[in-house]
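To start, the structure itself, in structure tokens.
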Amino acid sequence: MKTIRFSSKPDCTACKLHRGAEVVGEMGVGAVGNIMVVGRMPEIHGNDSLFKDLETVGIETEECYFTSALKCQNYEANIGKTDIKMCRGYLEAEIRKVKPTWILALGNEALGALTSHSGIMKYRGRVIEHHSGAKIFPTISPNAVLRNPGQRPSYMADLKLFVAEILGKDAAIPYPKIKKVATQRGLQWLVQQLDRAELLSYDVETYSTPAGNEWSPNARIISLSGTMLVDGKLVVWALPLSHPQSPFRKSWRRVLRFLAPHLSGVPKQVAQNGKYDCKWLRHFGVPMRVTFDTMLAVHLLDENLPKSLKTQALMRLGVKPWAISTKDLRSTELNDVLIYNALDTYYTYFVYLDAKKELKEHPRLARLLAFLMMPANEILIDVERRGVWQDREKLQTNSKIALDMRAEIDQKLMDWVPDPSEWPDHIPTKRGRGVNFNPSNFLRWWLFEHLEFPVIRRGKEKDDGSPGWPSVAEDVMLELRMNHPHPVVDLLLERSKWQKYCSAFLSSYEELLDENDRIHTTFKLYGTVTGRLSSGKNEADKITARAPIRGVNLQQVPRDPFVRGLFGAAPGFTFVEADFSQVELRVVAFISRDRTMRLLYETGQDIHAATASWVLGVPQSEVTKSDRKKAKAVNFGFVYGMYPRKFVYTAFTKYDVVFSLTEAEGIRAAFFEQFAGLLPWHNRQRRLVNEYRRVQSPLGRVRHLPDIDSQNRLIRMEAERQAINSPVQSMASDMTMLSMIEIHRKFEEMKIEGHFISTVHDSLLFEIKNEHVAKALPVIKDTMEHLPLKKKFGVEIDLPIVADLLVGKYWGEARELSGEEVYDYTP
DNA sequence: GGCCTGCGCGCG
DNA sequence: AAAGCGCGCGCAGGCC
């Protein structure tokens, strides 16, 4: 292999980078005609850890040419586009000489130098053609990975993908023979096969506007595919449905209904993110289930890894991504759609096998999948389909009120706005120079220059080193109200509330409320690193939706009854909210075994009130509701590793109470003296994460924390705090999930007419037929307070767990029940 | 006009 | 010197 070394240009002064540089004009070195690796600065030439990464995925470093986008080594300068441009000539000369077939671009600067594109996170992993004919493959820079090891898994996945692209062929798994089911005889064949199959991995291709919405009038299933295990043999098939070229384009609904019992009768049903496919298939009359979801399994095994089927197939099976070109499947060749659809199920099956094997080595994770994730998934399919009832009239009334309130405030604010002729030209707004009381450049100019309020705080420093925007956040306004009272400040504070209500909540509720006055969300069981659910629109909506879409976030509904009180129970039903009382702190007491905290809970005391009592120095009997709220800040903050400075800030912004730094230090010291078991617990978690680079919850949920290896001390400390918080948050949310599963089962067994309709981390929401409320309440409370944790996970939580029940017509306006009322309920 | 990011803020 | 955790979403600015 011929190698080449360009002579360096130590006297280059083309851009500013040569000034103060450690190395000037250093060119690349390495082999000709094969792979060119382009980093950011010349350090890349001898980067041992990069060499190791490349060797790991099977790239011979002796056969590569190493060079950089910038030829000067200068860590002080702020690198701009012009600097990269000036260096481009050198890089192009190297490319002409080296004639690489592949170029691996590491980081945004390399991407910019090679393609003029910017945004490495967007372009990573895609092949881009260079004008020389070479193929460019961008990914993130190895230095970014060193600074932030959490990026490592996806970085290595990219490198593996790069190798797969170079080799240009798939690895271990043979390409399947796909049976196209397009005739009556084909359907008969499919029925026979399905009836004998022990396992089916399935997937649907769908079309609707907005995307991903099975309720749309134009929603249709384009095709359905499967990979089956029949008598020990794999059978792969694809069924065209509503596609212009499909023989079943007119009868696809009937075809589905015909196949329904045979499809849903297969004992094992595997899918990737199958909740989506189930929602669609159930909507069109096929009662499919998911007995094993590859996405959920993969998420449990490593919550940090990319979970898409393509990535998993690549990482686990070495299969190169398969794809079809266009988004609108109706105008894609039917055969292409079918192949794509079938390959999805085929590779899902192999990912399933691989994930199952891995789960065998992690029995606690396997148990979480079987006892929590899959049952929860099954329940959530119907919960999402059912939706939550809203009072349509109330929504209309309140929407109008909110809009009017905002308009009224705007009008008052206008009194202080000067005539546009007095505005300076430099107000840089793209959308004209209109008045805008949202956080905008107009507002910043108006407040801080025209009205001459002092700048309290600035946002993040900009890339070129200039100071960030003056902040107009709520805490800034609160401080202005205190020290520089002015009607404008009060009005703006009031306005931001109504603005948020209008834009984020009421208007989207109005758009999304369905014809049965119900509003829908999509829950994700793989949306968080701790095991909590996340809630919102579905993925497809986020990408393509322009029109109204289904999917509000049910976990951030303002507690103000003005908004929360819109949600409720449909006529004839009662709304029931069941809250775990202080469940996270009880779990802290359980895990840390702190004696004081345990004693407080064992004797049925209120820990927030207790903390309020000694922080504020008042007897516990005189602790007010707002005192208790302040104490919450103390408890949560310090338990999870908050320090005095931040505590002062949070106490002020979130709880409206002013502490000095000295006071805060005193409170913190007293807190850890009071709960003497907490710091030793913190230290245990720190030791564990440093030793194993991960932590586990008592139920066995794993949080990987690769950032513990960061070279940056602040990032390491962040990982340590996450090691403290994660097991607690995980256990608390798993308790909520288990409650949901158990209560759902009991409702079915006891034939209680009522449904679980939503959850917000430590609370469960139900809609229960009026006549069945009395029967349901004790079931809910007993289940939550006595979860079968011992039976299912071998964990005995030796502390009282308490659930508070609230009953009413609307959420947020429901009445809290006493213990007796739960067991002897009269409406 | 599409797409991305930073910020601020809704919730637990 | 700086140091709660976990989310999703809307707006504005700015790039292409």
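Order of the sequence lines fixes the chain letters, A, B, ..., with proteins taken first and strands second; residue numbering starts at 1 for each chain. In what follows, every heavy atom counts, from backbone to side chain, and hydrogens, waters and symmetry copies are set aside.
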- Proximity to the side chain of A:Ser534 - top-ranked nucleotide from C:dG8, C:dA12, C:dG4: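 Of C:dG8, C:dA12, C:dG4, C:dG8 is nearest to the side chain of A:Ser534.
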Taking OP1 and OP2 of [N], is either one under 4.0 Å from a side-chain nitrogen or oxygen of [X]?
X        : N      : result
A:Gln722 : C:dG4  : no
A:Lys646 : C:dG4  : yes
A:Asn438 : C:dC11 : no
A:Arg564 : B:dG12 : yes
A:Ser508 : C:dC9  : no
A:Asn553 : B:dG10 : no

- Query: Taking the nucleotide of DNA chain C with the closest heavy atom to each, which residue, A:Arg703 or A:Arg645, is nearer the 5' end?
  - Reply: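 Nearer the 5' end of the strand: A:Arg645.
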- Taking the six-membered ring where the residue is Trp, are the ring centres of A:Phe659 and A:Tyr649 under 6.0 Å apart?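 Here the rings of A:Tyr649 and A:Phe659 have centres that are no less than 6.0 Å from each other.
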- Are A:Trp498 and A:Phe562 an aromatic pair by the rule of ring centers under 6.0 Å?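 Between A:Trp498 and A:Phe562, the centre distance is under 6.0 Å.
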- For DNA chain C, the dot-bracket pattern of Watson-Crick and G-U pairs whose distances stay under 3.5 Å, | for other-strand partners: ....||||||||||||
- Message: Quick one, A:Phe671 with A:Phe638, criterion ring pair (Phe, Tyr, Trp, His ring centres under 6.0 Å). Give me CA distance, side-chain angles, the key distance, then yes/no.
- Response: CA-CA 8 Å; A:Phe671 180 85; A:Phe638 291 149; 5.7 Å; yes
- Once you round to the nearest 0.5 Å, how far does NZ of A:Lys537 lie from OG of A:Ser508?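 So the gap between those two atoms works out to 6.5 Å.
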- Enumerate the residue pairs fulfilling side chain to side chain donor-acceptor pair (under 3.5 Å) with a member in residues 663-676 of chain A, sequence neighbours excluded, ordered by first and then second residue.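 Checked against side chain to side chain donor-acceptor pair (under 3.5 Å) - neighbours excluded - the pairs reaching residues 663-676 of chain A are A:Ser660-A:Glu663.
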- Message: Does A:Gln582 form a side-chain hydrogen bond (donor to acceptor under 3.5 Å, both in side chains) with A:Tyr601? I'd like the steps, not just the answer.
- Response: CA-CA 10 Å; A:Gln582 303 170 36; A:Tyr601 284 123; 2.8 Å; yes
- Distance-only donor-acceptor test, A:Arg532 side-chain atoms vs C:dG6 base atoms, 3.5 Å: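 Looking at the base of C:dG6, it does pair with a donor or acceptor on the side chain of A:Arg532 (distance under 3.5 Å).
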- Ignoring hydrogens and angles, does a donor from either the side chain of A:Arg713 or the base of C:dA1 sit under 3.5 Å from an acceptor on the other?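 It does, because a donor-acceptor pair links the side chain of A:Arg713 to the base of C:dA1 below 3.5 Å.
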- Item | Protein-nucleotide distance (A:Leu111, atom CG; B:dC4, atom P), rounded to Å |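 About 13 Å, once rounded to whole Å.
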